[in-house]
Amino acid sequence: MTQSTSAAPLRVVIVGGGIAALEVVLALHDLAAEHLDVVLIAPEPDFTLRPAAVAAPFSRGHAARLPLTRVMAEHDGRFVRGAVARVDAAARTVTLTSGAVVTYDALVLAPGASAVPAFSRALTFGAHPRALNGILADLEEGWSRSVAFVVPPGCSWPLPIYELALMTAQEVWSMSAEVAIHVVTPELAPLDIFGPEGSAAVAGLLDAAGITVHPGVEAQIHHTGRLDISGEAQLVVDCVVALPLLEGPRLSGIPCDADGFIAVDDVGLVHGLECVYAVGDATDRPIKQGGLACQQADVAAAHIAVRAGADIEIPPLQQVLRGRLMTGAGDQFLQGRERASNEPLLWAPAKVSGEHISPYLIAQNVVDLPIRADASAPGVDVSASQTSVRYAGALT
């Protein structure tokens with residue numbers, strides 16, 4: 001690659017205010033701060049750690065807001081609050097809905113994906129945060145006696161549904177409530193994306209918690225509380241909680257697939273465009289998860305840093321899936337697909353494994369998700385290579 005010889009810094013515009021966007025900001029600052037002029041554009045003023053939201057109803061910890069203006073000031077950049085209306089790749093400009101135009105030498109798209117309800121007759125996790133508290137209260141007080149947690153067909157990241165089920169079990173049974181808890185999923189086994197060992201560990205947790213799993217089921221919900229789970233069979237429960245489906249950002253001026261996601265190569269370059277990168281949930285990679293997004297962001301940042309003149313090596317994209325499964329009790333940790341241990345994976349307390357963002361969030365006291373040690377009801381932290389996932393769609 002030809003390195004820049006210009007004395008002027010390379011202007012890098014990053015669109016998005018989530019995990020992938022912040023990982024790019026932090027990585028660029030570490031790799032080539034003196035070569036770059038970095039601008040972050042996002043519609044919201046603060047960063048929030050969305051994967052931590054599952055803990056809130058169970059008092060398992062919290063994640064504070066982090067002002068993006070402060071983040072950029074600390075890293076020699078600038079924050080612009082606004083939403084993107086269109087991108088002109090030929091002119092290298094980003095036009096905001098306000099009419100403002102921002103120029104760039106390199107553009108990184110990390111706007112994330114939009115969550116949409118999978119079922120009209122179920123509570124969509126994340127859509128109404130307080131509604132889950134109401135369901136928990138009804139289960140604890142005996143107004144409801146059964147609940148189904150559903151992974152819809154097409155969901156790319158099922159882990160939160162298992163956290164919800166396990167923490168609900170811990171919560172209601174600590175109150176001596178008699179509740180039937182079900183997990184309905186199209187996966188052939190719980191969290192089979194992590195391979196046989198990780199899946200078996202999760203299945204053991206579910207069994208110990210008395211949770212009934214219905215695997216290999218593409219559920220349909222035509223009536224409130226009634227799930228069609230196989231042929232003529234129905235599962236009847238008092239309440240249903242489902243994960244949402246994701247849609248791509250469909251940015252004007254950026255090519256996308258039928259679902260709105262952006263096609264990229266292994267360094268994050270958008271197919272058919274020059275100096276335009278995309279990372280994280282907005283891309284066409286099949287698994288939408290913060291740790292994977294950070295790994296994509298690191299490679300794209302290195303590619304941009306070299307373009308700007310930094311004397312560094314661009315690492316190959318090696319997608320390794322890591323996840324901390326919160327259970328409401330204690331935590332045990334699985335590393336890879338071969339062994340288990342009592343030690344957490346990289347930056348597990350932050351709920352996201354990113355080389356730059358995880359230590360930063362911990363240092364800023366943004367996230368408080370303490371690890372629990374209770375061998376009688378362990379949690380699971382798992383890791384698995386995702387080398388084949390982009391092409392095959394699942395681990396085999």
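Position 1 is the first residue of the sequence; numbering continues from there.
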Inter-residue atom distance Asp88.CG - Ile254.CD1, 0.5 Å rounding: 9.5 Å
Check whether any side-chain heavy atom of Cys256 lies under 4.5 Å from a side-chain heavy atom of Leu251, and answer yes or no. no
Can Val38 and Met72 be said to form a side chain to side chain contact (heavy atoms under 4.5 Å, CB included), step by step? CA-CA 8 Å; Val38 180; Met72 297 309 293; 3.9 Å; yes
Under a 3.5 Å threshold, yes or no: a donor from one side chain and an acceptor from the other, between Gln296 and Gln319? yes
So how far is it from Glu178 CD to Leu139 CG, rounded to the nearest 0.5 Å? 13.0 Å
Got a donor-acceptor contact below 3.5 angstrom from the Gln295 side chain to the Val320 backbone? yes
Same cluster for Leu235 and Val183 if Ile/Leu/Val/Met/Phe/Trp/Tyr side chains link at under 4.5 Å? no
So, the side chain of His271 versus the backbone of Val264: is there a donor-acceptor pair under 3.5 Å, distance only? yes
Decide side chain to side chain contact (heavy atoms under 4.5 Å, CB included) for Val172 and Glu140; before the verdict, give the C-alpha distance in whole Å, the side-chain angles of both, and the deciding distance to 0.1 Å. CA-CA 5 Å; Val172 299; Glu140 291 171 357; 4.1 Å; yes
Can you check whether Ile211 reaches Phe149 side chain to side chain, under 4.5 Å on heavy atoms? no
What's the separation between atom CZ in Arg92 and atom CG in Leu107, rounded to the nearest 0.5 Å? 10.0 Å
For a 4.5 angstrom cut-off between non-hydrogen side-chain atoms, does Val116 reach Pro244? no
Quick one, Leu66 with Tyr360, criterion side chain to side chain contact (heavy atoms under 4.5 Å, CB included). Give me CA distance, side-chain angles, the key distance, then yes/no. CA-CA 11 Å; Leu66 186 63; Tyr360 177 72; 3.6 Å; yes
If you define the side chain from C-beta out and look only at heavy atoms, does anything of Asp298 sit under 4.5 Å from Pro315? no
Looking at His182, is its backbone amide N or carbonyl O close enough to the side chain of Thr212 to form a donor-acceptor pair, meaning the two atoms are under 3.5 Å apart? no
So does Thr283 get a backbone contact from the side chain of Lys288, meaning a donor-acceptor N/O pair under 3.5 Å? yes
Ser358 (side chain) donor-acceptor with Gly354 (main chain) under 3.5 angstrom: yes
Take atom CZ of Arg70 as the centre, draw a 6.0 Å sphere, and report whether it contains more than 12 heavy atoms from other residues, nucleotides or ligands. yes
So Leu96 and Val80, do their side chains get closer than 4.5 Å, heavy atoms only? yes
Group every Ile, Leu, Val, Met, Phe, Trp and Tyr by side-chain heavy-atom contacts under 4.5 Å, then state whether Leu132 and Ile221 land in the same group. no
Minimum heavy-atom separation for Leu246 and Ala115, please, with both atom names. CD2-CA, 3.9 Å
Is it true that a side-chain atom of Arg250 and a backbone atom of Pro255 form a donor plus acceptor pair closer than 3.5 Å? no
Under a 4.0 Å N-O cut-off, is there an ion pair linking Asp46 with Arg81? no
Minimum heavy-atom separation for Leu40 to Gly16, with atom names? CD1-O, 2.9 Å
Residues passing the side-chain contact (heavy atoms from CB on, under 4.5 Å) test with Thr103, sequence neighbours excluded, are Arg11, Thr93
Can you tell me if Glu23 uses its side chain to pair, donor with acceptor, with the backbone of Ile357 under 3.5 Å? yes
Determine, using the 4.5 Å side-chain heavy-atom cutoff (strictly less than), whether Val217 and Val151 are members of one ILVMFWY cluster. no
When you measure from the side chain of Asp138 to the backbone N and O of Trp143, does any donor-acceptor pair fall under 3.5 Å? no
Check whether any side-chain N or O of Asp257 sits under 3.5 Å from a backbone N or O of Gly260 as a donor-acceptor pair, and report yes or no. yes
